[in-house]
Every structure is written in C-alpha cells, then in structure tokens.
Amino acid sequence: MNKTQPALEVKGLTMDFGGLRALDHIDLEVRQGEIVALIGPNGAGKTTFFNCITGIYEPTKGDMIIHPRGKEPVRLNRLKPNIVTEHGLARTFQNIRLFQKMTVLENVMVARHCRTKSGIAGAIFRTPKTRKEEAEMVEFSYGLLEKVGLAQYVNELAHELPYGAQRRLEIARAMATEPFLLLLDEPAAGMNPKETNELDKLITKLQVEDKLAILLIEHDMKLVMSISNRIYVMDYGSMIAQGTPHEIAENPNVIKAYLGEAFDA
Amino acid sequence: MATQWKPLIEKITSELVKSLLVAAWFMFLTFPLMVIRVHPLERTIEWRWMNMIYVGVGSFFLSFIWRYLMERKDGGNSKEEGDTWQKRVGLRIRSDKRISLSGLIAIGIFIFIFPFIFSSYQTQIMITALMYVMLGLGLNIVVGLAGLLDLGYVAFYAVGAYCYALLNHHFGLSFWMALPLSGALAATFGILLGFPVLRLRGDYLAIVTLGFGEIIRLILENWNEFSFGPSGIAGISRPGFFGMELSLQEHTVYLYFIMIMLVVLTVLVVSRLRNSRIGRAWIALREDEVACQAMGIDKTKTKLTAFALGATWAGLVGCIFAAKTTFINPASFTFMESAMILSIVVLGGMGSIVGVILGAFVLILLPEYLRAFSEYRMLAFGAAMVIIMVFRPQGIITGIRQRYEFHRNTQKGKAR
Ligand SMILES: Nc1ncnc2c1ncn2[C@@H]1O[C@H](COP(=O)(O)OP(=O)(O)OP(=O)(O)O)[C@@H](O)[C@H]1O
Ligand SMILES: [Mg+2]
C-alpha cells in the first residue's frame, strides 16, 4: 500500500438546503492509510459533508471519488448509501444509530449483509451453505467485538449498553462491512477521559492493523492533535484551513474561528 | 396512633369519592340505554331501575379496583417484575429439557385428539383460530419484523381466496393445485403494492395500504364479469383426500389437520427467517432505516421481500378460507379483517411468534366463548383488550432475540 495514493478525493462539493448553503465548494483528500480529522464549530457542515459522501444527501454540485485498494476508482455521486458501503466506505453516526432492540452481536452481523449472499430459500431450508456462512458471520462479528473490547456484551441488547460502549459498537458495526475508508462522526462525544484514551488506541490500531484510511469529525482537540496525520478546518460551510496538527494549531484563522472559542474558556 | 392512620384514611376517602363520581357518571351515561325501555307496539315505557343500581355498583367497584391496580403498577414498577417473571419461566422451561419435552408431547397429543373429543362445531372454531394464527404470523413479518405498518393485509387474503375460487369455478382446479398458486399470486400482489409505497413510512404507509385493501375489495364488488360482484362465488370444492368421498364432519377433521400442518410449517419458516440474514435485515430496517442502508442493506429489496413473504401467507390462508366455507363474497374481506389481524399481532407482541399465536387464540376464541354473555360479548372483548394493552403495552410476549455462547479458546459461536 502506497501512502501517497488517494483514498478519497472530493472536489468542489456544494450542498444547498433551500437558501442555506451548508457546504460551499469543499475540497478534501484522504490518502490511503491516513488519519485525517475534520474539525470546525457547531453547524459548520461537517456531518452534512459525511452525509453527502455516504449517499444520504445528494449534493448540489461537486465530485466525490473513492479509490478502493486494487480496484478501479468509483465516483460516488448519485450512488445509494448501501452501494457506497459496498464499495468499501463505512461510517458511524454522531447521534448513535444502533439497532436498539437487536443484540450487540446481531448489530455487527447485520453489517455483514453486503458481504454475504444467502437468500430466502437458504434460510428456510437451512442449507449447509447457509449454515456455513452463518457460522462464519458469527465468528467474524465476534472477532470484531473482541477487537473493540465488547466481547462480554455479545447477547446484550444494544440499548442496554453504557454510552461509551455504544460508540465502540458503532465502530465495530462499521468495520463489519470491511471498509478501506472509515468515517467517524464524533466518536469521542460523551466519553470520559479514560474512554477517550482507549478510543485513541483503537483508532490507531485500525490504522496500523487494518490499514484503514480514517476521516474523523471530532471536537476533542487533544484526541485530534494526537492521532491525526492531517487536519481540515471548516467554518460556515467553507474550508478555512488545512495542514498538519502543528500547522493548524498555529494558524491564526483557525484560532479565530474555532480554537479561539474553545481555548479562551 | 390516630395521626398515623390519617393520611391513609384521607387517601381512601378521596378514592371512594372518586369512585362514587365515576359510578354516578356511568349511571347517567347508561340511563337511556339500560333503564328506559320503550315498547312501541304496546305504547308503554318500562323503567328498569334495578339495572341502574347494577351499573352503579358495578362501575363503582371496577373503578376502585382499576385505580388500585394502576397505583400498584406505577408505584412498584410492575413492568420490570413482569419481565423478570417472564424470563424466569422462560429460563426454567428451557433449562429443564424434560419439562419442555413432556410439555411438547402433551400439547402434541392434545392437538392430535382435539377433533375427536370435541364437537364438529368446536373444531370449526379451532380451524378459524388456526387460520388467524397463520394470518397473524404472516402480517408479523411485515409489521412486527420489518416495521411496515400495513393496514390493507386483507387484500392478499382476498387475492388468495378468489384465486382458488375462480380457478375452481372456471377450470375445476383442485385445492392442492391452487394452494401454491394462491400463495404465489398473493406474493406477486405484495410486490405490486410494495413498489409504490417504497418511499413511504409510518402513517403515510398505513393510509396507502389501507386504500389498497379497499381498492381490491371494491374491484371484487363491482367487476361483475370477473368476480361475480357482491353475490360472490358458491360451490367451491372442499380439499380432496386422495379422491375419496368424505362426509361433512370428516371434512372438518381433515381441514383441521391441514391447518395444523400449515401452522407448524409457518412457525418453522418464520422462526428460521427471523434469525437469518434476511430476518436481521428486516429488523434493522425497522429499527433505523438510515443506519440500515448505511450498513450496506438494500432498502428496496428488503422491503419488497417482507411484503411478498407476508402476503404469501395471507394468500395461502385465503385459499383455505374459500375451501372451508365453499362460498366467498367481498363482504368477507373488509377493513375489519385487517384490523383484527393487526390486533392479533399488536396484542400478542410484535415480532414474537408465541405471542402472535396466543394473540390469535385470545382474539378469536374469546369472542366465541363469550357468546354466553350474548349482547355484551363485544363489550367484554373490548374491555379484555384494553386491559391487556394497559398492563402489557409491548404485547403479551416480547420477542426474544437469539443468543450465542462463545467458548474462549475455540472462539466458536453456537446458537443457543
Ligand atoms: N437536512 C437538513 N435540512 C436543512 N438544513 C440542514 C440539514 N442538515 C443540516 N442542515 C444545516 O446545515 C448546517 C450544517 O449542519 P451540520 O449538521 O453538518 O453541522 P456540524 O458541523 O456537523 O455541527 P455539529 O458539530 O453540531 O455536529 C446547519 O446549519 C444545519 O442546520
Ligand atoms: Mg455534526
């Protein structure tokens, strides 16, 4: 894997909600195996950016291209969310969207859907092929739960989990789709310092072991500064800066728009 | 001492006054209905004051007990109690294999000898109840698992019934030939309905499916050349038994066993589907449509399979219905039918197979056995439903998800 190869290229992405321009000609690039942070004040348009890439919103203008490893590049415009996921781009949600009344294991198993095949007939007749696939699915999902440290909760219902564990389950679920690029929307929100620390390690592990490219939105500046290779800063729908953590911390524009209000207090 | 009791006494008096007011209100409300009886022919009015006293006393005690129960429910969060109770019984039954095995055998024997120890009439009622079990389990796929509120389910039931009735009328097709055709045709209709409503959710979906159900009924009512209109189709053949001639009573027993077989088949298929790749996709769709798509599930396909599979069962039962009554007309396929099946699913517990079976028995058998109360039976039935929904809003039984056991070293999962 070449770290200079792009994983995601976004050019001139614009999104209008009626009269409101939530994204204004956004350019962004994530390279293979790189951790990139997207930061900005509340309402800057970060989540909207994720929703456009993952096919939940249809952007007004702009190009979005992903480069799955060892495959042809794919233009994401107008693709349905499930197709985007099939091409290897997975995400988590800012306001946790787990399948509440399913068990922790099932939440992960659901995400294996696009990597498995068995159909209705297979399910009804429990063919050997289906049973094998099902067993593999269980094993794979359990492995992921161990990786994120949720193995003791397998049979619990998702909504019974503590908050921090729910966030980690979101990551495990996204991982089950076997992405090469992972989008995390405020994964540390609501976590205590100890949990945030563990999350830091987990994200680094995903980068090193699974060779994932990761784009994360985060308000916790300590986390952002410690794990990101590069940082993009948004404000009012525009990209106002980009660079290494060091450069961003020094950038007067950023300090004015974003860090200022956080560090003044 | 006396001061200690004071709050309690005050509480009880205030509750008593409340109940008195409720009783007075009920006496007033039921006055024209229960007390006055006009005999138009004799031109006399009968005043039945005793009825008023019954209503007063009855509503006084009922309201008192009602509020007492509600108090207990709010105070001692009986919901949790109920859940642990259910878990305890569930665990006991499962942990002790012998109990469940002997229990199953006992139920099996009872089911087997039922038509021989009870009258033909009782068997008929049981067949109806079993039909509703199947309908409930079918709708449970759409509403309980996939979370798509379908108020026009009866349409697929009608499609199945008319499929057999018309094929039998015109081409003399036998029941066993028509049964799979009815299921397949209903599934096709399920997909046809599915396409236009793919984008709809919740109440919008409910309204459109309701309309679909009515459209099918109106077509059957008005397209005389095709469906024989309101007069319906008579003389539909009963299911054949290897070409033998059966008496009416034998037919009932035969149909009873067909139903038992089909219900067992339904339970088997639905429970397997529920814990399969497709079933999990349905539940994920119900839980969160956006997250479901973002996890790589094709929303369109998943919704359509739910509609199609749900409709299949309605089609099968429709075919059986036509064979059982030997006569069908559009009046059997009104919205009331859809509402009834939906009540079975909601009352029994959405997504739970045992719950739906219990729900069907309660809702179909209760009104039958309440016939003793003659005109009050629908009232008692309504009250029973309200009581169940107040105390168990999640339905009689809540759906349980499959559990897995993992062994540390092998890391292999086993369904338990
Ligand atoms: N579906 C929508 N319809 C209309 N406006 C929207 C919609 N989604 C987002 N917006 C608007 O777009 C702007 C950007 O919102 P967005 O959620 O992307 O911000 P954010 O950067 O993720 O903020 P936060 O840090 O609070 O999560 C906001 O002004 C928001 O009100
Ligand atoms: Mg956001």
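Note on naming: letters A, B, ... go to the chains in the order of the sequence lines (proteins, then strands), and numbering restarts at 1 for each one. Reckoned from all heavy atoms, side chains included, excluding hydrogens, waters and symmetry mates.
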Task: Contacting moiety of Ala111(A), where chain B heavy atoms sit under 4.5 Å - done: both
Task: Pairs involving residues 93-110 of chain A, ordered by first then second residue, that meet salt bridge (charged side-chain N to carboxylate O under 4.0 Å, His left out) (sequence neighbours left out) - done: Arg97(A)-Asp288(B), Glu106(A)-Arg401(B)
Open item on the list: Around atom CZ of Phe257(B), are there more than 12 heavy atoms from other residues, nucleotides or ligands closer than 6.0 Å?
Closed with: yes
Open item on the list: Quick check for you: among Glu133(A), Lys80(A), Arg126(A), which has the greatest number of heavy-atom pairs under 4.5 Å with chain B?
Closed with: Arg126(A)
Task: Rounded distance (nearest 0.5 Å) linking atom CZ of Arg272(B) with atom CZ of Phe125(A) - done: 9.0 Å
Task: Interface residue of largest heavy-atom contact number with chain B, from His113(A), Glu86(A), Met102(A), Met109(A), under 4.5 Å - done: His113(A)
Task: Heavy-atom proximity to chain B below 4.5 Å, by part of Thr54(A) - done: neither
- [ ] Would you mind checking which part of Arg115(A) comes under 4.5 Å of any heavy atom in chain B, side chain (CB onward), backbone (N, CA, C, O), both or neither?
- [x] neither
Task: OH/Tyr204(B): more than 12 non-hydrogen atoms of other groups inside 6.0 Å - done: no
Task: side-chain contact (heavy atoms from CB on, under 4.5 Å) partners for Glu156(A), two or more places apart - done: Val104(A), Tyr153(A), Glu160(A), Leu161(A)
Task: Structural part of Glu170(A) lying under 4.5 Å from a heavy atom of chain B - done: neither
TODO: Check Glu134(A) against Arg277(B) and note the closest heavy-atom contact, atom names and distance.
DONE: OE1-N, 4.4 Å
Task: Residue among Thr103(A), Thr116(A), Ile83(A) with most heavy-atom pairs under 4.5 Å to chain B - done: Thr116(A)
TODO: Select one option (side chain, backbone, both, neither) describing which atoms of Val110(A) are under 4.5 Å from chain B's heavy atoms.
DONE: both
TODO: Output the residues of residues 293-301 of chain B for which the shortest heavy-atom distance to chain A is under 4.5 Å, in residue-number order; output 'none' if no such residue exists.
DONE: Gln293(B), Ala294(B), Met295(B), Gly296(B), Ile297(B), Asp298(B), Thr300(B)
TODO: Could I get the full list of side-chain contact (heavy atoms from CB on, under 4.5 Å) partners for Ile120(A), not counting sequence neighbours?
DONE: Ile124(A), Leu273(B), Ile278(B), Thr305(B), Leu309(B)
